[in-house]
Amino acid sequence: MQIMDALVRAQEAAAPEVGHGRLANYIPSLAAVDPRQFGMVIASCDGQVHVIGDADVRFSVQSISKVFTLTLVVAAEGERIWERVSREPSGNPFNSLLQLDQEVGRPRNPFINAGALVVTDRLHSLTGNACEALGDLLRRESGHDDVVSDPEVARSELEAGHRTSALAHLLASYGNLECPVDQVINQYVAQCAFSMTCRELALAGLFLARDGVLADGTRLLSARQTKRVNAVMLTCGTYDSAGEFAYRVGLPAKSGVGGGILAIIPDRGVACVWSPALGPTGSSAAGLAALDAFTTYSDWTVF
Ligand code: GLU
């Protein structure tokens, strides 16, 4: 089936889910988003971009940012981050304090909040400003200079972010943060608050489908490192529903509570879908249905 036809099927499959589910109302400014929106983009390694729906509406990338911060840390210093963070699925909510405490301050993986705080901490140490480094990468790869972090969303999360603060302090109590706790929390909420469209995010993530090669032909990750980032996305990118997501979609992916999902089809391209209403484990319900249908009707799948 042609990509555009598969996108139409994906939108149809998602339609019953669009607007149904909850918004990430623990971040007050995300609760104000219209949940009836839906957009999807397929960007292929050969430069073609196919879009449907609200593909050019900006939304809060939230945890999708964690793929890019992990990438930058791995690009800078290879395997070292795994001395501080594991790479196993958590099987627990993304903001669980219990698991972090039981496992003496070593987060299960870099995509749950505790692990992402450690990655951001390391990126901040390495670069002097984690969000600047992230923004530079997102702007360069998306081709849009005005991709920035939304200060209102960051402030909103900061004010309501008691669990994030608790996780950061728990990490510090176990000696697993290098930078001052408040700096790490500020950087983390600002990285989650980047505002991007499906089209911009898909282009920004294309290097993960191109064995680590950026838009200008230079290499950010080795092919081996890219394989590994994709593997961690497959096993840990959708939190405690990673098994169900792999079963239905079968692609490395990262979801965010803004309703976006970025999925990688190695050597082919990237799918990015957005619809704000979330299913029970914090990923977009319509996004999951759309990706399920897209991989079913197209041959864009790794399995
Ligand atoms: N900023 C969100 C949080 O820390 C990210 C969670 C997500 O997108 O899954 O709770």
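One-based numbering, in listed order, for ligands and for the atoms of each. Everything numeric in this text was worked out from a predicted model, so none of it was measured.
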Can you tell me which residue and heavy atom of the protein come closest to [atom], and the distance to 0.1 Å?
atom	result
atom 6 (C) of ligand 1	Ser63 OG, 3.1 Å
atom 4 (O) of ligand 1	Tyr188 OH, 2.6 Å
atom 9 (O) of ligand 1	Tyr239 OH, 2.5 Å
atom 1 (N) of ligand 1	Gln62 OE1, 2.5 Å
atom 10 (O) of ligand 1	Tyr26 OH, 2.5 Å

Problem - Separation between CD1 of Ile27 and CD of Glu159, rounded to the nearest 0.5 Å - result: 12.5 Å
I'd like to know if the side chain of [X] reaches the main chain of [Y], judged simply by a donor and an acceptor atom lying under 3.5 Å from each other, with no hydrogens or angles considered.
X	Y	value
Arg106	Glu83	yes
Arg139	Val147	yes
Thr120	Ala116	yes
Trp274	Gly258	yes

For [X], counting its heavy atoms only, list the atoms of ligand 1 lying under 4.0 Å from any of them.
X	result
Gly256	8 (O)
Phe94	6 (C), 10 (O)
Cys192	1 (N)

Handout entry: Glu157, portion touching ligand 1 at heavy-atom distance under 4.0 Å
Key =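 It is the side chain that gets close, since no backbone atom is under 4.0 Å.
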Exercise for the section: Record the part of Asn113 in heavy-atom contact with ligand 1 below 4.0 Å; permitted values are side chain, backbone, both and neither. Expected result: side chain
Practice task
Can you establish whether the number of heavy atoms outside Tyr247 located under 6.0 Å from its atom OH is more than 12?
Solution key: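 No, OH of Tyr247 has 12 or fewer neighbouring heavy atoms, counting only those of other groups under 6.0 Å.
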Exercise for the section: Sorted by first residue and then second, give each salt bridge (charged side-chain N to carboxylate O under 4.0 Å, His left out) pair with at least one member in residues 235-253; sequence neighbours left out. Expected result: Arg248-Asp292
